[in-house]
Amino acid sequence: MRDEPLVLGIETSCDETGVGIVRGTTLLADAIASSVDQHARFGGVVPEVASRAHLEAMTPTVSRALAEAGVAFEDIDAIAVTAGPGLAGALLVGVAAAKAYALALGKPLYGVNHLAAHVAVDQLEHGPLPKPSVALLVSGGHSSLLLVPDVASDVRSLGSTVDDAAGEAFDKVARVLGLGFPGGPHIDRAARSGAADAVTFPRGKYDDGTYDFSFSGLKTAVARWVEARERAGEPVPVADVAASFQEAVVDVLTKKALAVCRDNGVSDLLIGGGVAANSRLRAMARERCDAAGVRLRVPRPGLCTDNGAMVAALGAELVAAGATPSALDLPADSSMPITVVTV
C-alpha cells in the first residue's frame, strides 16, 4: 500500500554490503555486494578487508537497490542502518553512509540491532510476527534464543552461546576437513552423502537445564577424531564426519528451541541467521515442531544471511510503531545487546 513507509536499509556488520528497500512488509529490492572471496584465502573474515570492501561497494549497491525498486531518493521515507553488533570498522562504514543519506535527504534515521533485524525479516515472507514468538538466531557470531513479544520494542534474551557460535564451529570444522570458507554451505553439501550416525560426537550443554549453547567442545572433538585417523594412516570419511557433526549441532539447537517454546507457552518459533539456511536444521526443526504442535517460520535462505532487506524491514516496523528516530550522532556499537532494538 502506498501509505506504508518506504524504508531504505543498510547492513555492513560483517563481510556483506547489503542495501534493501521495503514498503511496509513488501520487499522491493535486496542488493548485496559480498567480499567473502577476499576473505576465503585467510580462512575467516579480516575486519580491515571487510571495511574497505564496504567503502567501495556502498554507493553502487545503493544505486542498484534504488533501480531494482524503481524508486528515487526523494521517495524514501526513512533510512535504517545496522548500528550493532558486528565488526566495529565495518559498522562504522554503514552508519556513516546512513547518516549522510539521512542528512542530505532530510529523512529520519533509525540505528537498529542486527539480531532483531534477523527476526523482523521474516515478515517480508510470512507476514506479521505472532506476538509473542520465540526466535532461534544462529549465525557466524551468534547462537541465541529470544522471546519476542514485539520485535519493534521488546526482545528478551533467554539463552546464548558460552563459547563458539554454531556458525564459527561450522567454519572451523570445515577447515579441519579441508573444505572451503564459509564452512556452513560446504558442510551441508558434504553431509548429504554421509551418515549422521557414523560418529558419535558430544552435544554440549544438552541436558543442563539452561537455554545456553556450547560448540567449542564439539569442534575440538571433531578435530581430535580426524587427527587420530590421520595419525593411524587411515582415510578420513569427510561426508560421514560432516553429517555427524552437523547432526550434533542441529540436535542441540532444535532441542533447546522447542524447550523455550514449551516452557514459555509459545506456539510460534522463528529461525533466522545464516545457519538457518542449513538444510538439516530446517528439516529437523520442521519434524520436531510438527510433533510438538509448534508453528515454524523460517525465511528463504537468501533472507537468512546478512542483507539490507532485514534492516529495512525492522526500520519499517519502527516507523509504523511511531518509534523515536535516532540522533545524527548515532554511534556504532560492536557489542550492542540484543535487548536494545534501536538506539
Side-chain angles (χ1 to χ4, degrees), residues 13-14 43-45 85-87 114-115 118 134-146 157-191 194 196-228 236 238-260 269 271-285 288 298 304-306 335 338:
S13 67
C14 193
V45 176
L87 301 175
H114 176 83
L115 301 181
H118 271 305
V134 166
L136 169 64
L137 296 187
V138 277
S139 67
H142 303 277
S143 295
S144 305
L145 276 166
L146 313 172
S157 177
L158 299 183
S160 61
T161 185
V162 299
D163 42 51
D164 286 357
E168 290 175 303
F170 270 93
D171 288 340
K172 291 172 181 177
V173 168
R175 191 178 308 133
V176 167
L177 294 176
L179 302 175
F181 174 84
H186 292 282
I187 293 283
D188 197 358
R189 283 192 293 271
D197 58 355
V199 186
T200 302
F201 288 126
R203 285 145 166 79
K205 301 185 75 64
Y206 193 73
D207 288 310
D208 69 339
T210 76
Y211 303 133
D212 292 330
F213 302 103
S214 172
F215 296 109
S216 180
L218 170 59
K219 168 205 68 182
T220 301
V222 175
R224 288 178 175 170
W225 192 93
V226 170
E227 289 167 4
V236 175
V238 172
D240 287 345
V241 174
S244 299
F245 159 75
Q246 178 176 268
E247 193 75 3
V249 173
V250 169
D251 185 15
V252 175
L253 291 173
T254 54
K255 179 182 185 292
K256 295 219 169 192
L258 268 295
V260 171
L269 172 65
I271 304 180
V275 181
N278 180 271
S279 62
R280 182 57 182 147
L281 174 58
R282 297 166 84 95
M284 185 180 288
R288 291 184 168 178
V298 189
C304 291
T305 52
D306 293 348
S335 58
I338 181 55

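Computed from a predicted structure; not experimentally measured. FYI, the numbering just counts along the sequence from 1.
- S214 has its side chain out of reach of T161: every pair of non-hydrogen atoms, C-beta onward, lies at least 4.5 Å apart.
- Between F170 and F215, the distance from one ring center to the other does not fall under 6.0 angstrom.
- Residues in residues 245-254 take part in these salt bridge (charged side-chain N to carboxylate O under 4.0 Å, His left out) pairs, two or more places apart or across chains: R203-D251, E247-R280, D251-R288.
- The residues D207 and K255 are annotated as salt-bridged, a charged nitrogen and a carboxylate oxygen being separated by less than 4.0 angstrom.
- One distance of note links CG of D306 with OG of S13; it measures 4.5 Å at 0.5 Å rounding.
- The NZ atom of K219 sits 7.5 Å away from the CG atom of D163 when rounded to the nearest 0.5 Å.
- In this structure, the side chain of D164 does not engage the main chain of A169 through any donor-acceptor pair within 3.5 Å.
- A distance of 10.5 Å separates OG in S244 from CG in L218, rounded to the nearest 0.5 Å.
- One finds the OG1 atom of T210 at 3.5 Å from the CG atom of D208 (value rounded to the nearest 0.5 Å).
- Inter-residue side-chain proximity for L281 and Q246 is flagged as unmet; no heavy-atom pair is nearer than 4.5 Å.
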Check the pair V45, F181 against side-chain contact (heavy atoms from CB on, under 4.5 Å), reporting the backbone distance first and the verdict last. CA-CA 10 Å; V45 176; F181 174 84; 4.1 Å; yes
Applying side-chain contact (heavy atoms from CB on, under 4.5 Å) to H118 and S144, what does each step give before you reach the verdict? CA-CA 11 Å; H118 271 305; S144 305; over 6 Å; no
